[in-house]
Amino acid sequence: MKIADKFAAKNKADDDSMVPLINVVFLMLVFFMVAGQIRKADPIPVIPPSSINDNKAATEPNVLIVVGENKQIYLDDKLVSLEAIKPALESQFEQAQNKDKFWVQIKADGLIPVDVLRPIFSEIRASGLTKVSLATQLERGQK
């Protein structure tokens with residue numbers, strides 16, 4: 001009997017030393033779940049132009065248009081032609097619940113000349129939308 005009591009006491013001591021480790025692991029898991037930010041990736045790699053303005057939009061855009069360096073246009077992760085932008089925006093605007101807060105964001109590569117973006121802005125204007133923003137990144141060296 002004394003041998004069994006000795007082994008039971010030894011196993012109980014090992015279990016007690018595991019509790020702090022389990023607590024630390026769960027605490028780290030909760031921390032990284034809360035602190036980590038999960039964001040949807042763009043359909044193509046885009047490096048937006050630099051800006052000194054660090055203001056961020058209060059809400060997510062209703063429509064995201066991504067324009068790559070190779071002049072491909074993605075509207076909500078779908079490859080579209082320039083002519084398909086206006087009908088797509090009109091249909092999404094009609095389906096929107098809050099039309100006053102409906103806005104479009106254009107995320108274009110910083111190496112794209114403005115002449116490439118002008119027809120996209122024209123298509124957005126032709127669809128009747130006026131709330132448009134161009135995504136930028138904060139200039140390096142800024143806070």
Side-chain angles (χ1 to χ4, degrees), residues 1-114 116-121 123-125 127-143:
M1 288 291 191
K2 291 184 179 181
I3 294 174
D5 291 339
K6 183 179 180 182
F7 284 120
K10 183 180 178 184
N11 287 338
K12 185 176 188 274
D14 288 343
D15 290 342
D16 288 342
S17 64
M18 289 296 287
V19 171
L21 178 64
I22 292 171
N23 289 342
V24 168
V25 170
F26 280 119
L27 183 64
M28 288 174 54
L29 176 67
V30 169
F31 172 77
F32 287 114
M33 285 175 54
V34 171
Q37 185 177 5
I38 299 173
R39 204 174 54 163
K40 184 176 78 167
D42 293 328
I44 52 175
V46 172
I47 301 173
S50 297
S51 172
I52 59 170
N53 184 2
D54 63 347
N55 293 336
K56 293 184 181 178
T59 61
E60 290 292 316
N62 298 85
V63 179
L64 177 65
I65 298 175
V66 179
V67 184
E69 189 178 358
N70 56 1
K71 302 177 186 174
Q72 289 182 324
I73 302 169
Y74 288 85
L75 192 133
D76 288 338
D77 297 337
K78 295 177 187 166
L79 183 62
V80 295
S81 65
L82 182 63
E83 296 78 24
I85 293 175
K86 180 184 173 197
L89 290 176
E90 288 173 344
S91 68
Q92 288 193 16
F93 183 72
E94 289 301 320
Q95 295 173 1
Q97 294 177 357
N98 191 350
K99 293 182 179 9
D100 293 333
K101 294 188 178 183
F102 191 90
W103 67 287
V104 178
Q105 184 175 44
I106 298 175
K107 190 172 188 181
D109 198 273
L111 300 175
I112 294 177
V114 176
V116 174
L117 296 177
R118 279 192 183 129
I120 297 170
F121 280 107
E123 289 293 313
I124 295 170
R125 185 181 305 129
S127 69
L129 299 175
T130 57
K131 294 181 183 175
V132 181
S133 73
L134 183 63
T136 59
Q137 65 180 348
L138 191 59
E139 213 173 78
R140 291 184 186 209
Q142 298 290 324
K143 192 170 185 178

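Listed by chain and number, the residues in a side chain to side chain donor-acceptor pair (under 3.5 Å) with N70 are Q72 (sequence neighbours excluded). Scanning for salt bridge (Lys or Arg N to Asp or Glu O under 4.0 Å) contacts around D42 gives K107, with sequence neighbours left out. Considering only residues two or more places apart in sequence or on other chains, P43 meets the side-chain contact (heavy atoms from CB on, under 4.5 Å) condition with V66, Y74, D77. In this structure E123 satisfies the side chain to side chain donor-acceptor pair (under 3.5 Å) test with no other residue, sequence neighbours excluded.
Within a 6.0 Å sphere centred on CD1 of I47, heavy atoms belonging to other residues, nucleotides or ligands number 12 at most.
Nearest heavy atom pair, residue A108 against residue P49, reads O-CD, 3.5 Å. Here the closest heavy-atom approach between residue I65 and residue I73 is recorded as CG2-CG2, 3.9 Å. Heavy-atom minimum distance, L138 versus I52: CD1-O, 4.0 Å.
Here side-chain hydrogen bond (donor to acceptor under 3.5 Å, both in side chains) pairs that include residues 87-100, with residues two or more places apart or in two chains, are D76-Q92. Legend: side-chain hydrogen bond (donor to acceptor under 3.5 Å, both in side chains) pairs involving residues 127-137, not counting sequence neighbours: none detected.
Taken from CD1 in I106 to CD1 in I112, the straight-line distance is 10.5 Å, to the nearest 0.5 Å.
Remark: the backbone N or O of G68 is not paired with any side-chain donor or acceptor of D109 at under 3.5 angstrom.
Side-chain contact between V63 and F102: present, with at least one pair of heavy atoms (C-beta onward) separated by less than 4.5 Å.
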